[in-house]
Engineer: 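Quick one: the structure is below, questions incoming.
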Amino acid sequence: MPLRIQLFYPEQPAQSHVLFEGKEYLLGRSEECDIVINEQQVSRFHARITSKNGVWELHDHNSQNGCFSEGERVRSIALAQRAELILGGIKCRLEQVEHRQVTAESSFSQWRNKYLSAAAEKMLQESALTDLLNSATETLSTILSSDRAAVIFLDDEGDICNCTGFPEWMAAESFTGSRTAIRQTITSGEPVILSSVADNPVLAKATSIIHNSIQALLCFPVFYQDQIVAVLYADSGQEHRAFLDTDLVIVRSFARQLSMALQIQDIEQRLHRIQAM
C-alpha cells in the first residue's frame, strides 16, 4: 500500500509526496535526496523510509537533530496506518493510502486544471463587478475544496470590512483571526498560507480560530498595476486538511486570471466613458 507523507513548514504551503513499495526513499536537506526538506534543522541526509513485507519503516540516518515520535527520539520505527513524526523541527504526517485513492487524487488534479481554465474564460466575459465577484468566489471555493472562501476587492479606505466582497460571516467577532491574516497579506503584499494553523504562535491562540476549528488558512493578494486590488481568502476546518504547494500553484494562476479580468473590465469602462462624451 502506498505511503503519503506531508511536510508542514511554518507559514508555507505543505508538501505532499506519495511513496510506493519496492523503493527506498532518502529524506533530507540535500538535493540528492528523494524528498528534499528545505529546513536548516534537517540534516543533509536525515532519514530513510523503506517498505518490507507490507510494513513501512522510518530509519534515522545519523541525523544531528533526530527523528521524534510522540516526543521521544527514535532511531527506527514501524509506521502505523497514520503517524506523525518530527524530523529536525519539521512536522511530518504519514498515512498509508489505497492505490485507487492515489489515482483519484491524480484525476482530481487534472479536473481542477480544466475547471479553472473554463472558469477563467467565464470571468473574462463578466461585465459587472458583482458578477465577477460571484464567479471568482465560486471558483476559489471549488478549486480549493475549502469550507469558506471569499474574494475581497479593496478600496482606498483601508477598512476591509467595508470592501466589496467582504462576507457577512467574516464581520462577526468569531472571525477576528481571519481578518488579521487578511490584513497581514495587504500590509506585506505576500501570501499568508498556514497549512497547520495550530503551529502558528499568534493565530493558534486566537479565540476565533479555536471557535471555528480552523485547521488551514490561505490569503493571497491579487495585483493590478502594481497595487493590491483584492485578496483571496480560504480556510478549512477539516481534520488533516492542509493547503499544499500544488494548491498555491493553482491559486497563483487564478489570481493572475482574476487580475486580467479586472483589467478588461477597467478598459471597457474607460471606453464607455469616452463614447459617452
Side-chain angles (χ1 to χ4, degrees), residues 2-20 25 27-29 31 33-39 42 49 79 82-117 119 139-151 178 181 184-185 190-200 203-204 209 213-222 231-258:
L3 179 73
R4 180 195 290 119
I5 175 171
Q6 291 185 334
L7 307 172
F8 293 84
Y9 295 89
E11 299 187 12
Q12 293 184 39
Q15 294 180 354
S16 183
H17 305 270
V18 177
L19 283 53
F20 294 93
Y25 295 85
L27 290 72
R29 203 176 70 252
E31 294 292 335
C33 292
D34 299 291
I35 298 177
V36 178
I37 306 177
N38 189 20
E39 167 59 46
V42 173
I49 295 179
L79 301 173
R82 289 181 177 176
E84 285 198 3
L85 302 176
I86 302 294
L87 306 184
I90 294 297
K91 184 171 76 173
C92 304
R93 182 179 294 152
L94 305 102
E95 179 182 9
Q96 297 179 45
V97 294
E98 299 282 352
H99 282 275
R100 61 175 180 270
Q101 186 175 348
V102 176
T103 302
E105 290 173 355
S106 177
S107 298
F108 172 74
S109 179
Q110 296 175 20
W111 170 86
R112 184 165 68 165
N113 288 326
K114 292 180 180 178
Y115 176 88
L116 180 58
S117 178
T139 300
L140 180 63
S141 178
T142 301
I143 62 176
L144 290 179
S145 302
S146 59
D147 290 341
R148 287 168 292 264
V151 178
S178 299
Q184 182 178 335
T185 294
E190 298 291 335
V192 172
I193 303 174
L194 302 177
S195 296
S196 178
V197 177
D199 295 331
N200 183 274
L203 290 181
I209 298 295
S213 302
I214 295 177
Q215 305 294 317
L217 181 151
L218 179 150
C219 299
F220 197 95
V222 178
V231 174
L232 310 178
Y233 172 88
D235 69 36
S236 176
Q238 301 175 41
E239 188 177 6
H240 302 310
R241 173 66 169 103
F243 289 123
L244 306 174
D245 50 0
T246 51
D247 293 320
L248 178 59
V249 170
I250 201 163
V251 168
R252 183 178 287 114
S253 176
F254 174 61
R256 286 196 299 264
Q257 292 164 349
L258 178 57

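Any value given below was found using the heavy atoms of this structure, including those in side chains, with hydrogens, waters and symmetry copies removed. Position 1 is the first residue of the sequence, and the numbers go up from there.
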Engineer: Could you pull out the closest heavy-atom pair between A14 and A242, with the gap in Å?
Structural biologist: CB-CB, 4.2 Å
Engineer: Kindly give the heavy-atom pair with the smallest separation between F254 and L232, and that separation in Å.
Structural biologist: CD2-CD1, 3.6 Å
Engineer: Would you give the length of the straight line joining atom OG of S236 to atom CZ of R148, rounded to the nearest 0.5 angstrom?
Structural biologist: 8.5 Å
Engineer: Answer yes or no: is there a side-chain heavy-atom contact under 4.5 Å between C92 and E84?
Structural biologist: no
Engineer: If you round to the nearest 0.5 Å, how far is CD1 of I90 from CG of L27?
Structural biologist: 12.0 Å
Engineer: So how far is it from L144 CG to L140 CG, rounded to the nearest 0.5 Å?
Structural biologist: 5.0 Å
Engineer: What residues form a side chain to side chain contact (heavy atoms under 4.5 Å, CB included) with Q96, not counting sequence neighbours?
Structural biologist: M1, L3, W56, Q81
Engineer: Tell me, do I49 and L94 make a side-chain contact under 4.5 Å, heavy atoms counted?
Structural biologist: yes
Engineer: For a quick test of reading the model, state the closest non-hydrogen atom pair linking A181 to V192 and the distance between them.
Structural biologist: O-CG2, 3.8 Å
Engineer: Just by modelled atom types, is the N113 backbone N or O under 3.5 Å from a matching donor or acceptor in the S117 side chain?
Structural biologist: no
Engineer: Taking side chain to side chain contact (heavy atoms under 4.5 Å, CB included) as the test, write out the residues that go with P191, two or more places apart.
Structural biologist: I193, F220, P221
Engineer: Which residues pass the side chain to side chain contact (heavy atoms under 4.5 Å, CB included) test with H99, not counting sequence neighbours?
Structural biologist: P2, F20, E21
Engineer: Are Q15 and H17 close enough that some pair of their side-chain heavy atoms sits under 4.5 Å apart?
Structural biologist: yes
Engineer: Backbone N or O of G237 within a donor-acceptor pair of the D147 side chain at under 3.5 Å?
Structural biologist: yes
Engineer: Could you tell me which residues satisfy ring pair (Phe, Tyr, Trp, His ring centres under 6.0 Å) with Y115, sequence neighbours excluded, listed by chain and number?
Structural biologist: W111
Engineer: Considering all heavy atoms of both residues, which atom of L217 and which atom of C219 are nearest to each other, and what is their separation?
Structural biologist: CD2-SG, 3.9 Å
Engineer: In the structure I gave you, are the side-chain heavy atoms of Q6 and L244 within less than 4.5 Å of one another anywhere?
Structural biologist: yes
Engineer: Run the side chain to side chain contact (heavy atoms under 4.5 Å, CB included) test against S141 and tell me which residues pass, sequence neighbours left out.
Structural biologist: S146, A149
Engineer: Does any part of the side chain of I143, heavy atoms only, come nearer than 4.5 Å to the side chain of D247, both counted from C-beta?
Structural biologist: no
Engineer: I need the C33 SG to Y25 OH distance, nearest 0.5 Å.
Structural biologist: 14.0 Å
Engineer: List the atom of S195, the atom of Q12, and the distance in Å for their closest heavy-atom pair.
Structural biologist: OG-O, 3.4 Å
Engineer: Any side-chain hydrogen bond (donor to acceptor under 3.5 Å, both in side chains) involving residues 213-222? Give me the pairs, sequence neighbours left out, ordered by first then second residue.
Structural biologist: none
Engineer: Roughly how far, to the nearest 0.5 Å, is the OG atom of S107 from the CZ atom of R112?
Structural biologist: 13.0 Å
Engineer: With respect to V42, which candidate in V36, L7, I37 satisfies the side chain to side chain contact (heavy atoms under 4.5 Å, CB included) definition?
Structural biologist: I37
Engineer: Kindly give the heavy-atom pair with the smallest separation between V222 and A255, and that separation in Å.
Structural biologist: CG1-O, 3.8 Å
